[in-house]
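A short write-up of the structure that comes next.
Worth saying up front: this structure is predicted, and the values here are computed from it rather than measured.
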Amino acid sequence: MGAASAPGRWQRWLSRAVDRVLGERRATADAVVEAPAPLQPIDLTDDAEVTRVLDLAERVGEVVLASGTAVTDTTTQIEFIAATYGLAQVDIDVTYNSIRISADRGPRLPPASTMRVVHYRSLDFTRLAAVDRLTRRIRRELPPPEEALEALDEITTAPHPYHRWVATFGWALMAAAVALLLNGGWLIALLSFATTTAIDRTNRRLNRRGLPFFFQHMAGGVIAAIPAVLVSSYVSTLHLDPALIIAAGIAVLLAGLQLVGAVEDAITGAPITAAARMLEVIMMTGGIIAGIVLTLRVAELLSLSVPSVDMAPARDLTNLPLKLLAGALTSMAFALACYAERRALAVAAFSGAAAIIVYLLAEQLGFGPVVSSGVAAVVVGLSGGLLARRALTPPLVVAIAGITPLLPGLRVYRGLYALLNDEQLIGLNQLLSAFAVGLALAAGVTLGEWIARDLRRPRILQRFGTLRRPRFTAR
């Protein structure tokens with residue numbers, strides 16, 4: 001009897017294991033599992049009430065879109081909020097800087113339409129996390145639309161959770177950690193810290209005066225290159241590598257760009273927004289390059305020394321504990337600079353350390369920098385999807401912070417240095433390689449987040465027409 005029942009036990013155990021992996025019967029560990037209250041749809045004949053719901057959905061979409069969230073995720077969040085209040089039939093059009101919603105109110109009522117233009121881009125992770133929690137509250141409690149709008153007003157008008165100098169410290173700490181990660185040593189890390197402090201404070205003042213972002217990034221490139229030129233010209237006896245100061249500055253300036261959102265939009269079928277975001281990334285990167293090239297050319301005219309660069313790989317397994325610490329600090333500092341909540345800092349540090357160790361192991365196995373970067377980004381995206389919700393932090397925060405240690409700042413400078421020395425083939429190869437690494441990072445994060453969603457899908461709420469009570473189905 002016991003022998004006959006053994007195969008049955010093994011089958012049940014195997015079935016449970018498959019269910020855990022495929023997630024067809026269990027909600028995600030990181031999802032809110034409380035069932036929402038019974039639906040009380042708004043009166044569709046009340047234009048004011050319908051407008052409140054559409055305004056709420058649009059303004060939530062504005063915050064997540066401005067933070068770099070992909071169009072598909074933004075659309076899903078808008079659609080969910082509208083459906084929660086009874087607007088189940090909506091057409092949503094999200095582009096680079098606008099959100100349009102048209103709600104079908106049935107054959108006897110005209111559709112309700114609204115549009116909102118997104119005028120800003122902001123990496124305020126505290127605001128993003130607060131909006132995420134508001135969405136959870138709407139799912140659980142179904143507050144009246146006017147109450148939800150008041151809560152959203154408090155979120156969007158609240159000041160940053162800490163002083164602007166703390167964010168400046170975060171950017172500077174990130175630059176110092178990148179320098180350590182590239183084997184720069186403590187003195188180069190200290191110079192990178194001071195240089196990035198100057199970049200952030202200068203760009204802060206220029207932004208107040210309304211200078212376009214292209215020229216702000218150009219100014220950042222100039223400031224990043226000046227200390228490197230001075231060190232290379234006057235303190236060469238210290239045997240430092242001043243090119244790493246420029247590389248750290250480039251990494252900091254690249255970190256705030258919406259590369260992940262651009263590539264995710266291209267992959268998930270939003271080509272217009274993807275093209276706009278990618279053009280913005282290219283233009284801002286061009287501003288950084290222009291500032292560095294201008295400084296180096298002026299240095300040559302003044303007979304100063306241009307910092308040389310070592311073409312050997314900077315990331316290897318030597319001094320691995322320090323590199324893991326530097327990778328964790330890089331991600332944590334970036335999250336701090338973007339006003340992330342304290343609970344998100346530890347998760348960001350973990351993702352940065354994981355990205356570094358996966359990247360180094362992949363390179364040791366013989367994969368090139370592009371493939372290694374993509375593999376590491378998949379791990380970061382996966383960990384962001386599975387771990388971020390446990391910290392009540394959107395996965396985007398962990399994903400963007402996690403890939404910052406792998407940004408190709410040094411590779412960009414290598415390409416510029418080769419081009420300035422009439423080595424066009426090497427220079428173009430390095431620049432194209434840097435672009436490929438950036439795409440691999442963004443695509444890897446997108447794939448990792450998709451795996452995290454598909455690994456264990458939560459039960460979702462489906463509403464049809466004027467159905468008043470929710471029906472749960474496993475997707």
Non-hydrogen side-chain atoms of L244 and Y413 separated by less than 4.5 Å: no
T157 to D153 - nearest heavy-atom pair and separation: OG1-O, 2.6 Å
Presence of salt bridge, R137 and E147, under 4.0 angstrom: yes
pair V347-L345: side-chain heavy atoms closer than 4.5 Å: no
4.5 Å side-chain heavy-atom contact, L56 and I138: yes
Check against side-chain contact (heavy atoms from CB on, under 4.5 Å), W186 and L190: CA-CA 6 Å; W186 293 103; L190 182 61; over 6 Å; no
Closest approach of T295 to V222 (non-hydrogen atoms, all atoms of both residues): OG1-CA, 3.3 Å
Donor-acceptor contact present, side-chain S192 to main-chain A176, <3.5 Å: no
Residues which pass side chain to side chain donor-acceptor pair (under 3.5 Å) with E300, listed by chain and number, not counting sequence neighbours: R297
Stepwise side-chain contact (heavy atoms from CB on, under 4.5 Å) test for V50 and Y85: CA-CA 9 Å; V50 171; Y85 291 100; over 6 Å; no
Flag for S305-S232: side-chain donor and acceptor within less than 3.5 Å: yes
Heavy-atom closest pair, residues P242 and P307: CG-CB, 3.9 Å
Pair D200-T168, side-chain hydrogen bond (donor to acceptor under 3.5 Å, both in side chains): steps then yes or no: CA-CA 6 Å; D200 184 73; T168 299; 2.5 Å; yes
Salt-bridge criterion met for R116 and D55 (N-O under 4.0 Å): yes
Donor-acceptor contact present, side-chain S383 to main-chain V380, <3.5 Å: yes
Separation between CG of L152 and CZ of R59, rounded to the nearest 0.5 Å: 4.5 Å
Note, F80 side chain near T135 side chain (heavy atom, < 4.5 Å): yes
Charged N-O contact under 4.0 Å between D132 and R127: no
Separation between OG of S102 and CE of M115, rounded to the nearest 0.5 Å: 13.5 Å
For the student: nearest non-hydrogen atoms of T195 and A224, plus distance: CG2-CA, 3.7 Å
R201 to W165, cation-pi by 6.0 Å centre distance and 45° axis angle: yes
Backbone N/O of A328 and side chain of S331: donor-acceptor pair under 3.5 Å: no
L416/V293 under side-chain contact (heavy atoms from CB on, under 4.5 Å): CA gap, chis, key distance, verdict: CA-CA 7 Å; L416 295 179; V293 170; 4.0 Å; yes
Atom pair CZ (F125) and CD (E341), whose distance is rounded to the nearest 0.5 Å: 11.5 Å
Atom pair CG (L447) and CH2 (W450), whose distance is rounded to the nearest 0.5 Å: 7.5 Å
Sidechain-backbone polar pair: Y339 side chain, R164 backbone, donor-acceptor under 3.5 Å: no
Trace of the side-chain hydrogen bond (donor to acceptor under 3.5 Å, both in side chains) decision for T95 with S98: CA-CA 5 Å; T95 58; S98 66; 2.6 Å; yes
Within 6.0 angstrom of L302 CG, more than 12 heavy atoms from elsewhere: yes
Neighbour count above 12 (heavy atom, 6.0 Å) for Y162 OH: yes
Validation row: I282, M278 side chains within 4.5 angstrom (heavy atoms): yes
Note, L254 side chain near I288 side chain (heavy atom, < 4.5 Å): yes
Distance, nearest 0.5 Å, that separates CD of E58 from CD of E62: 8.5 Å
Close side-chain approach of I292 to I250, heavy-atom, < 4.5 Å: yes
Shortest non-hydrogen contact between V412 and I289, atoms and distance: CG1-CG1, 4.2 Å
Heavy-atom closest pair, residues S373 and L441: O-CD2, 3.6 Å
Side chain D265, main chain V71, donor-acceptor under 3.5 Å: yes
side-chain hydrogen bond (donor to acceptor under 3.5 Å, both in side chains) partners of residues 203-215, not counting sequence neighbours, each pair once: N207-Q216
4.5 Å side-chain heavy-atom contact, F367 and V375: no
No-hydrogen, no-angle side-chain donor-acceptor test under 3.5 Å, Y417 and E423: no
Between CE on residue M174 and CZ on residue F334, distance to nearest 0.5 Å: 6.5 Å
Derivation of the side-chain contact (heavy atoms from CB on, under 4.5 Å) call for I356 and L360: CA-CA 6 Å; I356 288 298; L360 295 176; 3.8 Å; yes
Neighbour count above 12 (heavy atom, 6.0 Å) for I272 CD1: no
Flag, side chain of T69 to backbone of V64, donor-acceptor distance under 3.5 Å: yes
